[in-house]
2 protein chains.
Amino acid sequence: MADEHTTGSPRTLKTVSRAFDVVRALEELDGARVTELANHLDLSKSVVYNYLSTLRAEKFVVKEEDTYRLSLQFLLVGEYVRYQNILYRIGKPEIEELAEKTGEYAHLATEQHGLGVNLYKVSGEKAVGSDYQVNKLQRADYLHFSATGKAILAHLPKERVEWIIDQYGLPGKTEATITTREELFEELETIRDRGYSLNDEEEIKGLQAIGAPVTNRHGRVLGSISVSGPVRRMKQPEYHEQLIESVVNTANVIEVNVNMEESDDDFPTFS
Amino acid sequence: MADEHTTGSPRTLKTVSRAFDVVRALEELDGARVTELANHLDLSKSVVYNYLSTLRAEKFVVKEEDTYRLSLQFLLVGEYVRYQNILYRIGKPEIEELAEKTGEYAHLATEQHGLGVNLYKVSGEKAVGSDYQVNKLQRADYLHFSATGKAILAHLPKERVEWIIDQYGLPGKTEATITTREELFEELETIRDRGYSLNDEEEIKGLQAIGAPVTNRHGRVLGSISVSGPVRRMKQPEYHEQLIESVVNTANVIEVNVNMEESDDDFPTFS
DNA sequence: ATATGTGTTTGTATTTGACGAACGATCACT
DNA sequence: AGTGATCGTTCGTCAAATACAAACACATAT
């Protein structure tokens, strides 16, 4: 503990990082008491106590009896962030219509930090019952095995895709998941060529999804949409074609409306 | 800088507080650049830069071009928190049914840090059109002028209500808002006696709401529900009685189901 | 070209948080 | 009831982590 004095830039604030360690621990543990957290994080009780007190004063943590939990403040801020997203504002009603028209699950997703985040999801009539999708706990997930994810990857700059693969690798989920760089880049080119993406049981066995990207007028991909359902139904030729048509069409509608609103805007890059 | 050495407990970590100052500023400003934030927060550029870099490393902030924004990480954590809430899990489908049956807006709310937070809201058929409610930006709001809020206050311990009034006061919103302590406590007693709360244009002119609390088997209030609509419709005598019936009934159903799941649980107090 | 703006980097002074021990309260067990 | 362990909380102290300001590289505008 004597050599590395690297005060390299950017200088990340350890106190802030530790505060978020506490947040993550409270999430993992579904709430915890001081001692429990202290053990979990390898910190002294008094230190943990101070972090919790601060987070509570900031209203991001609540205390019930002696148990500390994350507060709904995260939801309030989160819904603000989502509402700021133009793809969400414009896409939500369109996705609802898509779900109603097709009767399947419909998703609206975007990319952040190299992972996919669902902005919104609805289940159509046929999908009801096995609603493991809509009520599933939201996590940011890999982009390379979902229809929405691959639609996004296909329209991200190559060097950005490379960076994402370097960061997260290409972990498999089912036997169909694409796990090699070459295969993925080929697939992405196919997606670009035909205008839509396909997730053929690559994430969940038995589930197929059809996705399409939404880009702004500078060609930057803002996110993507998809419909998904059981392979048996999704693979029927005429139905399949019909779904592709609906998805691509909805993506286009969203795209047009987004670009009309984004007239006087900057065109940001990433991360 | 020589007198006040008060190191009172709990010792709140200034670095963490400042990180959340940055978060709040990014929300207020809808994203900002380094210099803009530094001015807004009265901090030096380099300091702000370090906070932003740290928040970005933690994935709670994204950088687009030179503008920093809050990330969807807040939404992911927020949805986790919401899903942890048993009132949400049980109440969501019931509220949906209530909205469908009545055709009005239905809300599911809870209390946190002395303020009301909507866990969920749906609009029934009659409510469509003026959906200023469903797409409105979520904020934690005062409890004393909403039907859900008053239903909660009515079942909180008196000392807790006192604390809340001391903290936030009783700001008026319309001419009908209750703004004095005595009036409020009277109202709360009425609510307890008759089993439901009424918001008669106390929050928004022209809008009436009927609310009912949901308590667990220890008598602690977990939250509340409400339906709301235009006064003209809501005040029709038979319809009014019918809505009260529906709201109270739905609250009871939720209550029963929550208490069946909460069998082996602690009974926490507040904040 | 020059001046003013940006975001970022770095050296340094000192504020601030980590540590460990101690306190008071609660709970479990004999 | 009494004893011991364990909990959350408080506090004094020193090392470490952060705030500051000045300088940097780069861009844009005059």
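Chain letters run A, B, ... following the sequence lines, proteins first, then strands; residues in each count from 1. What you see is a predicted model, and the numbers here were worked out from it, not measured in a lab.
Once you apply a 4.0 Å limit to the heavy atoms of chain A, the touched nucleotides of DNA chain D run 5' to 3' over D/dC7 to D/dA19.
For the atom pair CD of A/Gln167 and OH of A/Tyr142, the computed distance is 11.0 Å after rounding to the nearest 0.5 Å. The NZ atom of A/Lys63 sits 9.5 Å away from the CG atom of A/Leu52 when rounded to the nearest 0.5 Å.
Whole-Å rounding puts the B/Lys14 NZ to C/dG17 P distance at 7 Å.
Annotation for A/Leu108 and A/Leu87: closest pair CD2-O, 3.7 Å, computed over non-hydrogen atoms. Of all heavy-atom pairs spanning B/Asp30 and A/Tyr80, the tightest one is OD1-OH, 2.7 Å. Between A/Arg89 and A/Gln84, the shortest heavy-atom contact is NH1-O, 3.2 Å. Counting all heavy atoms, side chain and backbone alike, A/Leu26 lies closest to A/Ala32 at CD2-N, 3.8 Å. Of all the heavy atoms in A/Ala251 and A/Pro213, the pair that sits closest is CB-O, 3.7 Å.
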Distances under 3.5 Å only, N/O to N/O: pair up the protein atoms with those of nucleotides 6-12 of chain C.
unit_1 : atom_1 : unit_2  : atom_2 : d
C/dT6  : O3'    : B/Arg33 : NH2    : 3.3
C/dG7  : OP1    : B/Arg33 : NE     : 3.2
C/dG7  : OP1    : B/Val34 : N      : 3.1
C/dG7  : OP2    : B/Thr35 : N      : 3.1
C/dG7  : OP2    : B/Thr35 : OG1    : 2.2
C/dG7  : N7     : B/Lys45 : NZ     : 3.0
C/dG7  : O6     : B/Lys45 : NZ     : 3.4
C/dT8  : OP1    : B/Lys63 : NZ     : 2.4
C/dT8  : OP2    : B/Tyr68 : OH     : 2.9
C/dT8  : O5'    : B/Tyr49 : OH     : 3.2
C/dT9  : OP2    : B/Tyr49 : OH     : 2.9
C/dG11 : N7     : A/Arg11 : NH2    : 2.9
C/dG11 : O6     : A/Arg11 : NH1    : 2.9
C/dG11 : O6     : A/Arg11 : NH2    : 3.3

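Note that A/Lys59 lies outside the cation-pi zone of B/Phe20, set by a 6.0 Å cut-off to the ring centre and a 45° limit from the axis.
Annotation: side chain of A/Ile164 is in contact with side chain of A/Arg160 (closest heavy-atom distance under 4.5 Å).
Ring geometry for B/Phe74 versus B/Phe60: interplanar angle over 60°, hence perpendicular rather than tilted (30 to 60°).
Axis orientation changes by 30° from one end of the helix from C/dA1-D/dT30 to C/dA28-D/dT3 to the other, with each end axis drawn from 5 pairs and the value rounded to 10°.
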